[in-house]
Visitor: 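I am attaching a structure below and will ask some questions about it afterwards.
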Amino acid sequence: MTMNSESRSDRKRKTLLLAATAVFLEKGYDGTSMDDVAARAEVSKPTVYKYFSDKEHLFAEIVRATTDQIDDLVRVVVETMDGQADVNTGLAVLAHRFINALMQPHVLRLRRLVIANADRFPDVGRSWYEQGFERVLTTLATTFQSLADRKLLTLGDPLLAANHFVGLLLWIPVNKAMFAGDHHATPDELERYALAAVRAFLIGYGPSRVVPVQKEAAARTRRRRKG
């Protein structure tokens with residue numbers, strides 16, 4: 001009986017978090033009320049307060065809950081580069097998967113929401129960064145160090161190299177999305193940014209001889225256009 005009760009409670013909590021996330025992303029923090037969340041979740045307002053004491057705690061909870069999605073990015077890094085012998089191709093595939101994951105509209109909206117409220121709730125923003133994106137950078141740094149140990153990369157500070165790789169990859173599309181909310185990069189644009197990032201990264205951190213990586217990406221673009 002207790003286990004069933006806990007299970008129903010967990011499901012109700014997840015339903016409320018999903019509803020709250022949708023409303024916060026749609027209306028922003030100031031534009032969202034607990035009544036809005038109750039209406040979206042199709043429950044009574046007292047039910048919302050049963051699980052969350054106020055809007056501030058609910059906001060913090062929905063932001064922290066999204067860091068679980070970072071597990072997928074961590075897996076992308078590990079699975080793509082694990083045992084990789086061809087660093088050029090590996091980085092090209094990683095860049096392609098990475099940029100497509102982080103440029104999803106709901107990810108960009110959440111990023112904008114967290115940034116907009118960072119001064120008001122610094123602990124929430126710090127937690128979101130440390131438990132989320134920073135964890136990806138740490139995994140990427142460990143992966144790069146492994147590649148350097150095998151003489152596939154040349155680097156001194158693996159964490160700095162990880163930041164450089166992600167910066168090269170995301171600087172253009174993320175800034176466009178942050179400053180122009182209706183901007184949506186096309187698949188071809190993202191592929192071009194990914195390839196350019198890999199080329200620039202390998203010039204700075206690659207082994208002595210850098211092999212172009214355009215061939216595989218060009219083939220993917222042709223296949224996508226035909227499909």
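Counting begins at 1 with the first residue of the sequence.
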Visitor: Is K45 reaching over with its side chain to a backbone N or O of A38, donor-acceptor style, under 3.5 angstrom?
Guide: no

Visitor: Could you report the tightest heavy-atom contact between L152 and V87, atom names first, then the distance?
Guide: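 What the structure gives for the nearest pair is O-CG1, 3.7 Å.
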
Visitor: So, are R126 and D123 salt-bridged, with charged N and O less than 4.0 Å apart?
Guide: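 Here R126 pairs with D123 in a salt bridge, since their nearest N and O are under 4.0 Å apart.
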
Visitor: How close do P158 and Q145 get, heavy atom to heavy atom, and via which atoms?
Guide: CG-OE1, 3.5 Å

Visitor: State the NE2-CG distance between H164 and L160, to the nearest 0.5 angstrom.
Guide: 4.0 Å

Visitor: Do Y129 and L137 come within less than 4.5 Å of each other through their side chains, counting heavy atoms only?
Guide: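 A side-chain contact under 4.5 Å exists here.
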
Visitor: Using 0.5 Å steps for rounding, measure from the CD atom of E134 to the CG atom of N163.
Guide: 9.0 Å

Visitor: Determine whether V48 and L16 satisfy the following criterion, side-chain contact (heavy atoms from CB on, under 4.5 Å), listing intermediate values before the conclusion.
Guide: CA-CA 7 Å; V48 180; L16 290 172; 4.0 Å; yes

Visitor: What pair of heavy atoms forms the shortest contact from P207 to T154, and how long is it?
Guide: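 Scanning both residues, the minimum pair turns out to be CA-OG1, 4.1 Å.
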
Visitor: Do W171 and V136 belong to the same hydrophobic cluster, where Ile, Leu, Val, Met, Phe, Trp and Tyr are linked whenever their side-chain heavy atoms lie under 4.5 Å apart, directly or via other members?
Guide: yes

Visitor: Do R111 side-chain atoms and L102 backbone N/O form a donor-acceptor pair below 3.5 Å?
Guide: no

Visitor: Would one find more than 12 heavy atoms of other residues, nucleotides or ligands at under 6.0 Å from atom NZ of K12?
Guide: no

Visitor: Assigning hydrophobic clusters by single linkage (Ile, Leu, Val, Met, Phe, Trp, Tyr; side-chain heavy-atom cutoff under 4.5 Å), is V23 placed with V124?
Guide: no

Visitor: So do F52 and L17 actually touch side chain to side chain, heavy atoms under 4.5 Å?
Guide: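 L17 vs F52: side chains touch.
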
Visitor: Minimum heavy-atom separation for A141 and A162, please, with both atom names.
Guide: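 Shortest heavy-atom separation between A141 and A162 comes out as N-CB, 3.8 Å.
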
Visitor: Under 3.5 Å, side chain of S146 to main-chain N/O of T142, donor-acceptor pair present?
Guide: no

Visitor: Enter the distance from R109:CZ to F24:CZ here, rounded to the nearest 0.5 Å.
Guide: 15.0 Å

Visitor: Could you state the interatomic distance from CD1 (I62) to CG (L25), rounded to the nearest 0.5 Å?
Guide: 6.0 Å

Visitor: Measuring from L108:CG to M178:CE, what's the distance to the nearest 0.5 Å?
Guide: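 The distance works out to 4.5 Å.
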
Visitor: Under a 4.5 Å side-chain heavy-atom rule over Ile, Leu, Val, Met, Phe, Trp and Tyr, are V174 and F201 clustered together?
Guide: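 In one cluster with V174: F201, yes.
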
Visitor: So, do Y205 and F144 have ring centers that fall under 6.0 Å from each other?
Guide: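 Not under 6.0 Å, so no.
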
Visitor: Would you check if the side chain of R192 reaches a backbone N or O of D188 as a donor-acceptor pair within less than 3.5 Å?
Guide: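 Checked: no pair found.
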
Visitor: Can you check whether F133 reaches V166 side chain to side chain, under 4.5 Å on heavy atoms?
Guide: yes

Visitor: Taking the side chain as every heavy atom from C-beta outward, state whether L91 and M81 have any pair of such atoms under 4.5 Å apart.
Guide: yes

Visitor: Let me see the working for F59 and L113 under side-chain contact (heavy atoms from CB on, under 4.5 Å), right down to the final yes or no.
Guide: CA-CA 10 Å; F59 175 71; L113 179 66; 3.7 Å; yes

Visitor: Do V76 and L168 share a hydrophobic cluster (ILVMFWY, side-chain heavy atoms under 4.5 Å, transitive)?
Guide: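 Cluster IDs for V76 and L168 match.
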
Visitor: Heavy-atom distance under 4.5 Å between the side chains of V37 and L58, does that happen here?
Guide: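 V37 vs L58: side chains touch.
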
Visitor: Should the heavy atoms of other residues, nucleotides or ligands under 6.0 Å from CG of D119 be counted, would the total exceed 12?
Guide: no

Visitor: L202 versus L153: any side-chain heavy-atom pair under 4.5 Å?
Guide: yes

Visitor: Between D36 and S33, is any side-chain donor less than 3.5 angstrom from a side-chain acceptor?
Guide: yes

Visitor: Please assess V63 against F121 for the test side-chain contact (heavy atoms from CB on, under 4.5 Å), listing each intermediate value before the final yes or no.
Guide: CA-CA 11 Å; V63 171; F121 306 120; over 6 Å; no

Visitor: How long is the span from the CZ atom in R40 to the OG1 atom in T21, to the nearest 0.5 Å?
Guide: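 That separation rounds to 10.5 Å.
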
Visitor: Can you name the closest pair of heavy atoms from R97 and T80 and give their distance?
Guide: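 It is NH1-OG1, 2.9 Å.
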
Visitor: Do V43 and M34 share a hydrophobic cluster (ILVMFWY, side-chain heavy atoms under 4.5 Å, transitive)?
Guide: yes

Visitor: Please step through side-chain contact (heavy atoms from CB on, under 4.5 Å) for the pair V198 and F165, ending with a clear verdict.
Guide: CA-CA 8 Å; V198 172; F165 179 78; 4.3 Å; yes

